[in-house]
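This chain uses plain numbering: 1 for the first residue, then up along the sequence. Start at 1 and go down the list; that is how both ligands and their atoms are numbered.
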Amino acid sequence: MKILFNFCSKEAVFDGKKAIRGGIPIVFPHFGPWNYGPQHGFARLMRWTVEKAPERLQNGDVEAIFSLCDSEYTRSMWDCPFRLSYRLILREKELHFNLAVYNPNHNCMFPFHLLLHTYFKVPDVRKCQITGLHGCPFIDKTRGNNMYQEIRNVVTIDEWTDRIYQCTPQELMITNVVSGRKMRIFKYNLPDTVIWNPWEKARDMADFGNDEYPNMICVESGQVTHPIILRPGTTFEASQVLQVM
Ligand code: BG6
């Protein structure tokens, strides 16, 4: 993808202690505040293994594969053996993310959340239009976690926004992303869509520039309202394709 679509705050801290404020952090195994470990789980804080360094394939695609397995550190928070595999395919106008979570246990199932916390860079978030959410129920975290139903065909943002839309369709579109282009999100097995912009609350965040919030929007594909239950010896697969139009 030649157009750089990802937002990354100029205040982001790359010290490996906290998730950076930008890019596409992977939320696993827990979404939100967590009694047993860091908010949004540990996967976005950890060093993943490079299974396959980025390599150009015969058809011109670039492929890279990463993995993350349980360790003493992860089991100190979440006592489950697991293997997460993350395969990226880069094409001229597309980025494909394939995620697989494997449960190697012989007799124990485990529940987890999974989400791609994608930060999009935008010229002006007030001008972005998100389509595809009409009719979807959502939890509004800015209004006491109450449930509502989206009645708009086109969702726009002009204030602090933190919503978990449920049962969202496989395809969503965001207009006016970087360079004014449209971004198509196509997803599989990720039924929830979180929309987040901290607005002026960004001023209280040390790793977020005070004036940067108009230039980002998080549209996050995942499964976070009902955990995925993974039976022993089975694999859960999900994917997302971002396509610049
Ligand atoms: C979103 C959540 O996914 O992530 C928000 O819905 C949260 O509630 C936001 O504030 C950012 O989280 P963090 O941990 O990266 O500051």
Side-chain angles (χ1 to χ4, degrees), residues 5-46 48 68 74 77-78 97 99 112-122 125 128 130 133 136-148 150 155-168 172 174 177 183 185 187 190-228 238 240 242:
F5 69 88
N6 248 178
F7 168 87
C8 187
S9 170
K10 54 181 189 291
E11 307 292 342
V13 184
F14 288 79
D15 64 359
K17 293 184 184 148
K18 198 170 173 284
I20 58 157
R21 184 65 61 201
I24 310 182
I26 296 182
V27 171
F28 173 89
H30 187 85
F31 173 76
W34 194 25
N35 289 339
Y36 306 106
Q39 153 129 324
H40 288 346
F42 45 68
R44 63 178 186 163
L45 304 173
M46 293 186 66
W48 290 53
L68 182 70
T74 68
M77 296 170 260
W78 194 63
F97 307 79
L99 288 155
F112 64 97
H113 298 146
L114 184 65
L115 174 118
L116 289 163
H117 198 303
T118 312
Y119 286 78
F120 293 101
K121 188 166 155 182
V122 302
V125 70
C128 291
I130 304 159
L133 296 171
C136 297
F138 66 88
I139 298 166
D140 193 336
K141 293 213 229 171
T142 71
R143 292 182 175 81
N145 284 320
N146 285 325
M147 285 290 297
Y148 299 89
E150 185 53 75
V155 171
T156 52
I157 285 179
D158 58 5
E159 60 180 345
W160 171 40
T161 302
D162 194 356
R163 297 174 167 198
I164 308 172
Y165 284 89
Q166 299 173 335
C167 308
T168 61
L172 297 173
I174 321 173
V177 183
M183 180 70 69
I185 300 175
K187 60 195 178 60
L190 299 170
D192 298 328
T193 299
V194 177
I195 300 198
W196 178 66
N197 184 301
W199 221 254
E200 297 202 340
K201 288 182 179 293
R203 291 177 197 272
D204 302 328
M205 296 159 71
D207 59 350
F208 206 133
N210 289 351
D211 304 319
E212 291 181 314
Y213 70 85
N215 300 121
M216 62 75 74
I217 185 169
C218 281
V219 180
E220 311 161 22
S221 305
Q223 179 160 342
V224 295
T225 42
H226 304 293
I228 300 149
Q240 171 178 264
L242 301 179

Closest protein heavy atom (residue, atom, distance) for [atom]:
{"atom": "atom 10 (O) of ligand 1", "answer": "Trp196 NE1, 3.6 Å"}
{"atom": "atom 16 (O) of ligand 1", "answer": "Arg21 NH2, 3.0 Å"}
{"atom": "atom 1 (C) of ligand 1", "answer": "His117 NE2, 3.5 Å"}
{"atom": "atom 6 (O) of ligand 1", "answer": "Asp162 OD1, 2.6 Å"}

Do Tyr213 and Trp160 have their ring centres less than 6.0 Å from each other?
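When the ring centroids of Tyr213 and Trp160 are compared, they turn out to be at least 6.0 Å apart.
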Is it true that Phe112 and His30 have ring centroids separated by less than 6.0 Å?
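When the ring centroids of Phe112 and His30 are compared, they turn out to be at least 6.0 Å apart.
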Using a strict 4.0 Å cut-off to heavy atoms of [X], name the atoms of ligand 1 that fall inside it.
{"X": "Val194", "answer": "3 (O), 6 (O)"}
{"X": "Glu220", "answer": "1 (C), 3 (O)"}
{"X": "Arg44", "answer": "13 (P), 14 (O), 15 (O)"}

Residue Tyr36 excluded, over 12 heavy atoms near OH under 6.0 Å:
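No - once you tally the heavy atoms of other residues, nucleotides and ligands closer than 6.0 Å, there are 12 at most.
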Does Lys17 reach the side chain of Leu45, with side-chain heavy atoms less than 4.5 Å apart?
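Side-chain contact under 4.5 Å: no.
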With no hydrogens and no angle check, do the side chains of Arg21 and Tyr119 hold a donor and an acceptor under 3.5 Å apart?
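Yes, Tyr119 and Arg21 have a side-chain donor paired with an acceptor closer than 3.5 Å.
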Contact between Arg163 and ligand 1, counting heavy atoms under 4.0 Å?
no
Any salt bridge between Arg143 and Glu159, counting N to O under 4.0 Å?
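Salt bridge flag = yes for Glu159 with Arg143.
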